[in-house]
Colleague: 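Quick one: the structure is below, questions incoming.
Note that the structure is a prediction, hence the values are computed from the model and not measured. Heavy atoms only: backbone and side chains are in, while hydrogens, waters and symmetry mates are out.
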Amino acid sequence: MNEKHNEIDKRYIALLSYLWILFLIPLLIEPKDEFVKFHVKQGIVLFLFFVIIFIVGGVIPLIGWFVILPLGLMYWFSLFVLCIFNTLSGKKEKLPFIGKYADRINI
């Protein structure tokens with residue numbers, strides 16, 4: 001019973017990895033857990049992707065505002081939902097297209 005309880009706790013701790021800057025909290029709570037570290041890396045990449053969407057979409061007039069920003073945010077949101085689902089399911093699956101960049105992060 002205790003092992004199952006710990007597994008559930010790690011999923012909720014890893015879930016914080018996808019809530020903006022809160023990805024730092026799982027690193028402090030479970031710094032050596034591979035499941036948590038995987039999701040922290042994915043969360044960092046997802047956060048940076050969000051920032052890039054806003055910078056690029058905001059800087060380029062018209063096309064950025066009406067194409068890049070809306071499409072980028074829809075893609076980001078779909079990745080966000082996928083991450084939440086995978087974390088709560090206990091899965092370690094890379095994000096499509098941008099997940100490969102998480103492997104480059106050393107934690």
Colleague: Where do Leu46 and Phe50 land on the side chain to side chain contact (heavy atoms under 4.5 Å, CB included) test, with the steps shown first?
Modeller: CA-CA 6 Å; Leu46 192 63; Phe50 183 82; over 6 Å; no
Colleague: Please assess Ile25 against Leu22 for the test side chain to side chain contact (heavy atoms under 4.5 Å, CB included), listing each intermediate value before the final yes or no.
Modeller: CA-CA 6 Å; Ile25 292 173; Leu22 294 179; 3.5 Å; yes
Colleague: Taking only residues two or more places apart in sequence or in another chain, which ones pass salt bridge (charged side-chain N to carboxylate O under 4.0 Å, His left out) with Lys41?
Modeller: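 Result, salt bridge (charged side-chain N to carboxylate O under 4.0 Å, His left out) vs Lys41: none returned.
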Colleague: Find the distance between CG (Leu16) and CG (Leu28) and round it off to the nearest 0.5 Å.
Modeller: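 Reported value, rounded in 0.5 Å steps: 11.0 Å.
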Colleague: Does any non-hydrogen side-chain atom of Phe23 lie less than 4.5 Å from one of Phe47?
Modeller: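 With C-beta onward as the side chain, the pair touches.
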Colleague: Can any side-chain N or O of Trp65 pair as donor or acceptor with the backbone N or O of Gly58 at less than 3.5 Å?
Modeller: yes
Colleague: Can you list everything that forms a ring pair (Phe, Tyr, Trp, His ring centres under 6.0 Å) with Tyr101? Sequence neighbours excluded, please.
Modeller: none
Colleague: Linking I/L/V/M/F/W/Y whenever their side-chain heavy atoms sit closer than 4.5 Å, directly or via other members, would Ile84 and Leu48 fall into one cluster?
Modeller: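 Shared cluster, yes.
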Colleague: Looking at side-chain heavy atoms only, is the closest gap between Glu34 and Phe38 below 4.5 Å?
Modeller: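 Counting from C-beta outward, Glu34 and Phe38 never come under 4.5 Å.
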Colleague: Closest approach of Pro96 and Leu79, non-hydrogen atoms and distance?
Modeller: CD-CD2, 3.5 Å
Colleague: Which residue pairs pass the salt bridge (charged side-chain N to carboxylate O under 4.0 Å, His left out) test with at least one member in residues 76-96, sequence neighbours excluded?
Modeller: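 Those involving residues 76-96 are Lys94-Asp103.
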Colleague: Please name all residues satisfying side-chain hydrogen bond (donor to acceptor under 3.5 Å, both in side chains) with Thr87, sequence neighbours left out, ordered by chain then number.
Modeller: His39
Colleague: Determine whether Ile53 and Tyr75 make a side-chain contact, defined as any pair of heavy atoms from C-beta on separated by less than 4.5 Å.
Modeller: no
Colleague: Which residue pairs pass the salt bridge (charged side-chain N to carboxylate O under 4.0 Å, His left out) test with at least one member in residues 20-29, sequence neighbours excluded?
Modeller: none
Colleague: Just by distance, do the side chain of Arg11 and the backbone of Leu88 share a donor-acceptor pair under 3.5 Å?
Modeller: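 Yes.
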Colleague: For Asp33, give me all partners under side-chain contact (heavy atoms from CB on, under 4.5 Å), at least two apart in sequence or on another chain.
Modeller: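 Only Lys10, Glu30, Phe35, Val36 meet the side-chain contact (heavy atoms from CB on, under 4.5 Å) criterion with Asp33.
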Colleague: Please report the shortest heavy-atom distance between Ile60 and Ile68, naming the atom on each side.
Modeller: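 Reported closest heavy-atom pair: CD1-CD1, 3.9 Å.
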